[in-house]
Number of protein chains: 2
Amino acid sequence: MDLFVSKYINKIDKKGRVSLPSSFRNVLPKANRNEIILYKSIKTPSIEGCGVGRLKEIAKRINNLDFFSEDYDDFSTSIFSEIITTNIDKEGRFLIPEELKLYAGINTEAAFFGQGHYFQIWEPKKGLKNTEVSRIRLLKEKKSLRMMLTQ
Amino acid sequence: MDLFVSKYINKIDKKGRVSLPSSFRNVLPKANRNEIILYKSIKTPSIEGCGVGRLKEIAKRINNLDFFSEDYDDFSTSIFSEIITTNIDKEGRFLIPEELKLYAGINTEAAFFGQGHYFQIWEPKKGLKNTEVSRIRLLKEKKSLRMMLTQ
DNA sequence: CATATACCCATTGACGCCCATATAATCCCA
DNA sequence: TGGGATTATATGGGCGTCAATGGGTATATG
């Protein structure tokens with residue numbers, strides 16, 4: 001599987017280390033399997049992460065926005081200037097920078113949520129709440145979640 | 001046959017393993033015959049499953065949504081983070097995650113129902129009950145449909 | 001020199017792999 | 001065509017490996 005899927009809740013130890021779920025590590029290209037990038041999610045109090053290869057994709061997305069719009073500046077500033085690269089140790093663990101932990105309200109545990117080509121890291125309770133709200137919003141709006149899944 | 005059809009009731013052993021019915025295994029592409037994805041059914045207290053190929057389809061579809069829209073987040077959260085991939089061992093067995101077993105009320109036995117391009121896993125009694133209710137509903141609708149047509 | 005980070009090793013529990021058996025299905029040949 | 005032999009499937013259990021976690025120590029970096 002070459003997508004980030006499922007969710008995991010891992011502990012943060014005294015040194016601040018947390019294991020990137022094994023299935024997430026396997027998504028990273030064999031070449032750069034010991035490095036990921038992290039940045040603040042724009043729309044939620046969470047951290048987003050992915051392999052370094054994904055940077056190009058993000059750049060493309062932003063490039064597709066209207067160059068003269070405020071969004072363009074906002075996104076490119078908030079995302080690019082805030083991106084942090086972090087190394088994964090031999091055991092598959094990495095450090096979440098203090099600033100990002102604060103932003104996401106993370107303390108002793110981190111919840112990893114697969115999002116396909118990237119993933120999110122949440123304070124567990126907030127993350128689970130968010131999933132629920134997301135699902136309810138989709139069902140309420142009668143958006144065809146079912147079609148997405150079954151057709 | 002490249003469709004999931006028929007129904008089977010299999011035991012869950014002490015280790016939590018259950019055999020994926022042989023005919024279901026044969027539906028999976030030879031390439032990814034040792035991995036399936038599972039997720040909570042939206043409308044019923046059951047688990048739905050299918051091969052990983054479907055997941056890639058879904059990923060493609062979500063990726064085509066506006067990256068910065070709320071829908072994008074909702075879909076990718078509700079789908080990717082809720083999907084669980086699980087491996088099938090040499091004997092054709094797999095583990096049903098605890099969370100999904102709870103959702104479906106499954107304990108010692110699992111009932112597999114073919115649904116064409118995907119399948120459902122039920123607590124046996126609930127599953128049989130559901131087929132019956134389904135059948136009755138269908139008959140009722142047929143009846144009223146016929147009345148509509150002939151009156 | 002002090003703090004932070006990387007590397008090494010250890011522990012625990014879960015999971016995958018292997019082997020075994022019983023029952024059912026299929027085959028094959030007289 | 002009948003009946004024994006072979007194969008497949010569902011199931012059970014032992015055991016090694018790996019993932020998640022904890023901690024000690026070296027190294028780096030300012």
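Being a predicted model, the structure only gives us computed values, none of them experimental. Letters A, B, ... are given to chains in the order of the sequence lines, protein chains preceding strands, and every chain is numbered from 1.
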Please list, by residue number, the residues of residues 9-21 of chain A whose heavy atoms come closer than 4.0 Å to an atom of DNA chain C; answer none if no residue qualifies.
K15(A), R17(A)
Going by number, which of residues 94-119 of chain A have a non-hydrogen atom under 4.0 Å from DNA chain C?
L95(A)
Going by an N to O cut-off under 4.0 Å, is there a salt bridge joining K7(A) and E99(B)?
yes
Does the distance from a Lys or Arg side-chain N to an Asp or Glu carboxylate O, for E132(A) and R135(A), drop under 4.0 Å?
no
Under 3.5 Å donor-acceptor pair, R93(A) side-chain atoms to dG22(D) base atoms:
yes
Under the 3.5 Å rule, do the base of dC19(C) and the side chain of E91(B) count as making a donor-acceptor pair?
yes
With the criterion being N/O to N/O and under 3.5 Å, what pairs connect the protein with nucleotides 28-30 of chain D, and how long is each?
none

Does OP1 or OP2 of dA20(D) have a side-chain N or O of R25(A) closer than 4.0 Å?
yes
Look at the side-chain N and O atoms of N87(B) and state whether any lies under 4.0 Å from the OP1 or OP2 oxygen of dG16(C).
yes
Please enumerate all residues that pass side chain to side chain contact (heavy atoms under 4.5 Å, CB included) together with D13(B), with sequence neighbours excluded.
K15(B), R17(B), R93(B)
Considering only Ile, Leu, Val, Met, Phe, Trp and Tyr, and joining two whenever side-chain heavy atoms are under 4.5 Å apart, list the other residues clustered with I12(A).
F4(A), Y8(A), V18(A), L20(A), F24(A), V27(A), L28(A), I36(A), L38(A), I47(A), I84(A), I88(A), F94(A), I96(A), L100(A), I106(A), F112(A), F119(A), I121(A)
Any side-chain donor paired with an acceptor under 3.5 Å for T77(B) and Q115(A)?
yes
Grab the [atom1]-[atom2] distance between [X] and [N] for me, whole Å please.
{"X": "K90(B)", "N": "dA10(D)", "atom1": "NZ", "atom2": "P", "result": "18 Å"}
{"X": "E35(B)", "N": "dG16(C)", "atom1": "CD", "atom2": "C1'", "result": "14 Å"}
{"X": "D89(B)", "N": "dT11(D)", "atom1": "CG", "atom2": "P", "result": "13 Å"}

Show, in sequence, the C-alpha distance, side-chain angles and deciding distance for L139(A) and I42(B), and conclude whether the side chain to side chain contact (heavy atoms under 4.5 Å, CB included) test is met.
CA-CA 9 Å; L139(A) 291 177; I42(B) 294 165; 3.9 Å; yes
Specify the angle, to 10°, made by the local axes at the two ends of the helix from dC1(C)-dG30(D) to dA30(C)-dT1(D) when five pairs are taken at each end.
50°
